[in-house]
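Written out below as structure tokens is the structure these notes cover.
The chains referred to below are lettered A, B, ... by the order of the sequence lines, with proteins before strands, and numbering in each begins at 1.
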Amino acid sequence: MPPERFYVTTPIYYVNDRPHVGHAYASVLADVLAGYHRLLGVPTWFLTGTDEHGQKVQDSAAARGISPQEHCDEMSAHFRALLARLETRHDDFLRTTEERHTRVVTRVLERLHASGDIYLAPYEGWYCARCERFWSETDVRERGGGRCPEFPDLHEVARIAEDNYYFRMSAYAERLRAAIEDGTFSIEPAKRRNEVLGFLAQGVADLCISRSRERLTWGVPLPFDERFVCYVWVDALFNYESAVGYLADGAEAAARHARWWPADVHVIGKDILTTHAVYWPTLLLAVGEPLPRRILAHGWLLDRQGGKLSKSKRLDAAADERPLPTVDGLLDVFGTDGTRWFLATAMKPGDDTQFDWDVVRERVNTDLANGIGNTANRLLKMAAGACDGRFPGLPDAGPREAPVRAAAEAAAAAAAAVPETLDTLAVAAAVRGCIDAVSLYLSDEAPWKLVKTEAGLPRARAVLGWSLAALRVAALAAEPILPRALGELRAALGVTGPLDFARERALDAVPAGTPLGAPPNLFPRVPPEAIPSA
RNA sequence: GGGCCCGUAGCUCAGUCGGUCAGAGCAGGGGACUCAUAAUCCCUUGGUCCCAGGUUCGAGUCCUGGCGGGCCUACCA
């Protein structure tokens, strides 16, 4: 049974810099998950947005000689532009500097303070002024040899003592552990769940949630002590709830909150696992809110050396080295469809994969141009000649049709399973399998030979009918990944009206005689020359 | 330093409970076909499963130790 509703989020993107491939990946993944739920008729809410407070934003703005607000406006616009190019279908884009959000953070802080979950305590520790961060006793001693653990040769650390506010995270660690173990709070894939359980087993301390205004002004002020702003993660995490009306005024907001919270899936990167799988749920437990159902922690695209793509590192100028992909670079070369297909099928969520321009080109050409695109083209051209441009219907169902029918049904079944499995790779594999089955079927039946004789014509039409039907179902199953191109194909295959998975997954959904469109050029082949060279 | 994870064909990756697990796709080689975007179909060359020990009748799989890589490790997010 499909769920009654689906609320999915991307990570709240940090605007210290422009978006990179990792942002595109998370956005497409969340968009595709949202798309599958919509396809299946599940009411869906898809939230994305930008995290705009904190030290790095303040620093980046200062380095550029502009105000933090100007910096955020500009960067947030870059993220919006990225989503526009990726053609994501998000329902909301929240900025944490918006009043609708900061007001909620203030109310959350007041509540936690009133309930005793936030308390004042002295903090004393090693502080590196250059890195602008505190370091633990052991790090300074063992890694830094008494100096900054990150840059022991360059940075000194100083002893700083000040009062700070803490969130009583330790008080909720046991309840969190229980929720993870009994599955009510699911962390996927399993290795990330292990990681969190390991983190909890090491013992959880309380979380310092205040930042002195002497060092950081760009944040939400603590409502009970104006000397501090709120630690940016506490601020940022609540975006997932503030966006759907939590602690907002009015009946409409309350209804929205009741409808959408808790979130069904938070798509995140593996680097922000602790914040989302420990800080966030313990904060929710403290304010008495239900926990999100699933955390899906994805991996990264790595460069040829196995390093993070998102970190702009200099290559050791090997002569044949291709430039690292930027998001715009990917989109320029592969287009929206190619980029979406690659990102949605590049890797199992959770694992890393190495990026290679040629691998992406081959995948896009093989699956889209040679696969779906070419199949559509050859079938529609043959149908234009042999069937008068009309869908010929599905007579003669026999054992020779069995593989094609089974492959189409498998593709539809894989799409229908996404709410349970979140496995978009399985859908892509099933779609490929269906296209392969059609190719094989065509090779075996050779309708282009059959049409040459009057006697062969009926059989040729039957073969084209089954092939067209299977193609249509495969395209339906892949629609959330490639909505634009496959919408065009759907129309060419004679389907009109709003998308209706339950009806269209049937091979006989289109009646015989339905007019077919001209073959669209859905997926142009990407030539080797299109790849940027060093 | 501690926690978690990864290392399988030229490339990207599957391999569930230890027993058809030596696999797929792409690339490379050969052939077929011609409806189609030089596409599709068939056949085919590739591997010390990172290394060394161990447990076992049997290890890609489990254990120990290396080597290489990644994330986190309470104030960068």
Side-chain angles (χ1 to χ4, degrees), chain A residues 11-16 51 53-57 59 123 125 127 131-136 138-139 141-143 149 164 166-167 169 189-202 204-212 215-216 231-233 236 269-275 278-279 297 299-300 302 304-308 346-348 350-356 358-363 365-371 373-383 385-386 425 429 432 436 438-444 446-451 460 464 519 521-525:
Chain A
I12 182 84
Y13 297 129
Y14 200 55
V15 293
N16 67 311
D51 174 10
H53 289 127
Q55 191 75 54
K56 276 195 179 179
V57 166
D59 293 350
Y123 179 84
Y127 183 77
C131 296
E132 292 179 315
R133 61 171 289 188
F134 282 89
W135 291 100
S136 71
T138 34
D139 275 340
R141 192 176 57 244
E142 290 172 15
R143 285 208 290 148
N164 265 297
Y166 289 83
F167 164 56
M169 191 159 74
K191 62 183 171 187
R192 302 268 98 96
R193 177 176 180 270
N194 293 345
E195 202 172 308
V196 174
L197 288 171
F199 182 91
L200 292 174
Q202 289 178 70
V204 173
D206 290 341
L207 181 68
C208 180
I209 56 100
S210 55
R211 295 292 182 270
S212 167
R215 296 189 294 276
L216 176 65
Y231 173 41
V232 67
W233 265 120
K270 63 179 180 177
D271 54 330
I272 51 175
L273 182 64
T274 304
T275 50
V278 180
Y279 299 179
W300 283 328
L302 306 175
R304 298 290 285 282
Q305 288 74 38
K308 278 179 77 170
M347 53 181 165
K348 219 170 53 173
D351 291 339
D352 295 339
T353 196
Q354 298 208 331
F355 177 87
D356 184 295
D358 290 317
V359 168
V360 180
R361 190 176 63 82
E362 282 155 10
R363 162 166 257 131
N365 282 344
T366 300
D367 293 343
L368 302 186
N370 302 352
N374 181 50
T375 301
N377 202 14
R378 64 198 297 210
L379 288 177
L380 285 168
K381 279 200 179 151
M382 276 191 275
L425 262 64
R432 266 193 293 261
D436 287 347
V438 170
S439 287
L440 186 53
Y441 179 59
L442 290 172
S443 282
D444 288 345
W448 50 89
K449 282 184 185 166
L450 294 169
V451 296
L464 290 175
N521 186 11
L522 299 173
F523 306 110
R525 166 166 289 93

Could you check which of C35(B), C72(B), U37(B) has an atom nearest any side-chain atom of D271(A)? C72(B)

Which nucleotide in the list C33(B), A77(B), U37(B) gets nearest to the side chain of D51(A)? A77(B)

Go through the structure and list residues passing side-chain hydrogen bond (donor to acceptor under 3.5 Å, both in side chains) with R211(A), not counting sequence neighbours. none

I want to verify a distance call: between C41(B), C71(B), C75(B), whose nearest atom is closest to the S439(A) side chain? C41(B)

In whole Å, measure the gap between the C1' atoms of C62(B) and G70(B) for me. 24 Å

Among A77(B), C35(B), U37(B), find the nucleotide with the atom closest to the side chain of R378(A). C35(B)

Under 4.0 angstrom, heavy atoms only, what part of the nucleic acid is G54(A) near: base, sugar-phosphate, or nothing? sugar-phosphate

For G47(B), give the paired nucleotide (Watson-Crick: N1-N3 plus N6-O4 or O6-N4; G-U: N1-O2 and O6-N3; both under 3.5 Å), or none. none

Counting only side-chain heavy atoms from C-beta out, which of U40(B), C72(B), U12(B) sits nearest to V359(A)? U12(B)

Checking contacts here: which listed nucleotide (C35(B), G70(B), U73(B)) is nearest the side-chain heavy atoms of R192(A)? G70(B)

Say you pick atom C1' in G58(B) and the same atom in U45(B); how far apart are they, in whole Å? 30 Å

C1'-based separation of G1(B) from G47(B) [nearest Å]: 37 Å

Expressed in whole Å, how much space separates the P atoms belonging to G25(B) and G18(B)? 28 Å

Is N377(A) near enough to C35(B) that one of its side-chain N or O atoms lies under 4.0 angstrom from OP1 or OP2? no

If you restrict it to nitrogen or oxygen atoms, what contacts under 3.5 Å exist between nucleotides 42-47 of chain B and the protein, and what is each distance?
none

Please determine, for the side chain of S443(A), which listed nucleotide (C41(B), C4(B), A77(B)) has the closest atom? C41(B)

How far does the P atom of A24(B) sit from the matching atom of U44(B), given to the nearest Å? 10 Å

Once you apply the 3.5 Å cut-off to both distances, tell me the Watson-Crick or G-U wobble partner of A32(B), or none. U40(B)

Choosing from A77(B), C75(B), C35(B), which nucleotide comes nearest the side chain of W448(A)? C35(B)

Can you tell me, in whole Å, how much space there is between the C1' of A59(B) and that of U8(B)? 14 Å

Mind checking if K56(A) touches a base, just sugar-phosphate, or nothing, with heavy atoms under 4.0 Å? base

Establish, with yes or no, whether the OP1 or OP2 oxygen of C71(B) is under 4.0 angstrom from a side-chain nitrogen or oxygen of K191(A). no

Which nucleotide wins on minimum distance to the side chain of M382(A), given the candidates C33(B), C4(B), C35(B)? C35(B)

Under the side-chain hydrogen bond (donor to acceptor under 3.5 Å, both in side chains) rule, collect the residues that match up with D206(A), sequence neighbours excluded. Y119(A), S170(A)

Taking only the side-chain heavy atoms of V232(A) (C-beta and beyond), determine which of C5(B), C41(B), A77(B) contains the nearest atom. A77(B)

Separation of A77(B) atom C1' from W233(A) atom CH2, nearest Å, is 6 Å

Is it true that a side-chain atom of Y166(A) and a backbone atom of S210(A) form a donor plus acceptor pair closer than 3.5 Å? no

